Amino acid sequence: MKVLWVFAHPERRSLSGSLYDDGVAWLEQSGHRVIQSDLYAMGWNPIVSAADFGEEGGQRLLVGGASASAYAEGRLSQDIVREQAKIEWADTLVIQFPLWWYGLPAMLKGWFDRVFLKGFAFGHRALDRGESTARSTNCSFHCSMAPFGTPE
């Protein structure tokens with residue numbers, strides 16, 4: 001398999017970090033190819049902005065239209081392009097994160113917001129040419145939760 005492992009935890013010495021390291025090592029030892037996106041280590045910017053789409057500031061940002069146009073015209077920021085290329089390469093996607101306040105960390109939410117854009121992950125793209133934007137991949141979500149104040 002070709003696996004993209006997305007890790008979204010600020011502390012690599014955590015239980016999540018250990019599971020991440022062990023999971024990647026096991027996959028590689030089993031003969032699978034693995035690429036990783038450790039969002040905190042990468043310094044991933046989770047904030048959607050006009051710069052993501054090569055848009056000028058000051059105008060109202062209509063994210064759906066701007067993202068679809070930028071994707072179709074090759075104007076996305078390079079950090080987004082790199083993450084989309086990883087997704088297209090992979091046939092399996094593992095997304096690992098801690099469960100905070102019954103949800104995913106803002107860092108990961110921002111990754112989804114900036115990477116899974118209209119035209120790339122959903123929407124209509126040249127249907128008259130018979131193309132589809134449906135991405136079929138194996139996707140696995142791994143989250144961990146520990147009560148506050150848990151001893152190390």
Side-chain angles (χ1 to χ4, degrees), residues 1-24 26-27 32-125 132-150 152:
M1 285 187 305
K2 296 184 300 185
V3 180
L4 168 58
W5 195 305
V6 179
F7 180 69
H9 195 292
E11 179 55 67
R12 286 297 303 268
R13 297 170 295 183
S14 65
L15 172 62
S16 290
S18 295
L19 294 171
Y20 170 58
D21 292 337
D22 290 348
V24 169
W26 183 87
L27 286 168
H32 304 292
R33 292 181 287 165
V34 181
I35 57 175
Q36 304 163 48
S37 287
D38 180 342
L39 300 183
Y40 285 89
M42 293 165 47
W44 176 258
N45 174 12
I47 301 170
V48 174
S49 73
D52 291 344
F53 317 121
E55 297 279 319
E56 300 272 333
Q59 296 177 352
R60 181 174 178 210
L61 177 61
L62 301 172
V63 175
S67 66
S69 295
Y71 174 74
E73 297 167 11
R75 292 185 287 111
L76 293 174
S77 65
Q78 287 305 299
D79 58 342
I80 295 171
V81 170
R82 282 190 296 273
E83 293 303 296
Q84 289 178 342
K86 291 176 186 179
I87 292 167
E88 288 183 330
W89 171 85
D91 52 37
T92 300
L93 179 59
V94 176
I95 301 171
Q96 184 186 359
F97 57 94
L99 190 60
W100 292 340
W101 297 106
Y102 306 102
L104 62 158
M107 178 72 81
L108 182 58
K109 173 67 167 77
W111 184 82
F112 281 117
D113 289 347
R114 292 186 65 221
V115 174
F116 283 75
L117 300 175
K118 184 176 183 178
F120 174 74
F122 66 93
H124 301 286
R125 175 180 58 175
S132 169
T133 58
R135 303 274 182 227
S136 67
T137 186
N138 294 318
C139 191
S140 175
F141 290 87
H142 297 270
C143 61
S144 59
M145 188 169 102
F148 289 109
T150 302
E152 293 188 14

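Please read these numbers as outputs of a predicted model, since none were measured by experiment.
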Check whether any side-chain heavy atom of [X] lies under 4.5 Å from a side-chain heavy atom of [Y], and answer yes or no.
| X | Y | value |
| --- | --- | --- |
| Phe7 | Leu39 | no |
| Ser37 | Trp44 | no |
| Met42 | Asp79 | no |
| Leu27 | Trp5 | yes |
| Leu117 | Ile80 | yes |

Between [X] (side chain) and [Y] (backbone), is there a donor-acceptor pair under 3.5 Å?
| X | Y | result |
| --- | --- | --- |
| Lys2 | Trp89 | yes |
| Asp52 | Ser49 | yes |
| Arg75 | Phe53 | yes |
| Asp91 | Met1 | no |

Pairwise distance OG(Ser18) to CZ(Arg12) - rounded to 0.5 angstrom =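 Reported value, rounded in 0.5 Å steps: 9.0 Å.
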
If you look at every heavy atom in [X] and [Y], which pair is closest and at what distance?
| X | Y | result |
| --- | --- | --- |
| Glu11 | His9 | N-ND1, 3.0 Å |
| Arg114 | Pro46 | CD-C, 3.9 Å |
| Val3 | Ala90 | C-CB, 4.3 Å |
| Phe116 | Ala121 | CD2-CB, 3.5 Å |
| Pro105 | Pro98 | CD-O, 3.5 Å |
| Gly64 | Lys118 | O-CD, 3.9 Å |

request  = For a side-chain contact (heavy atoms from CB on, under 4.5 Å) with Gln96, tell me which candidate from Leu19, Asp38, Val6 qualifies.
outcome  =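 By the side-chain contact (heavy atoms from CB on, under 4.5 Å) criterion, Gln96 pairs with just one of Leu19, Asp38, Val6: Leu19.
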
Validation: residues 106-113 side-chain donor-acceptor distances under 3.5 Å, sequence neighbours left out:
residue : atom : partner : partner atom : Å
Lys109  : NZ   : Asp113  : OD1          : 2.7
Lys109  : NZ   : Asp113  : OD2          : 2.9
Trp111  : NE1  : Glu83   : OE1          : 3.0

ask   = Given Tyr20 and Gln36, is the side-chain hydrogen bond (donor to acceptor under 3.5 Å, both in side chains) satisfied, shown in steps?
value = CA-CA 10 Å; Tyr20 170 58; Gln36 304 163 48; 2.5 Å; yes

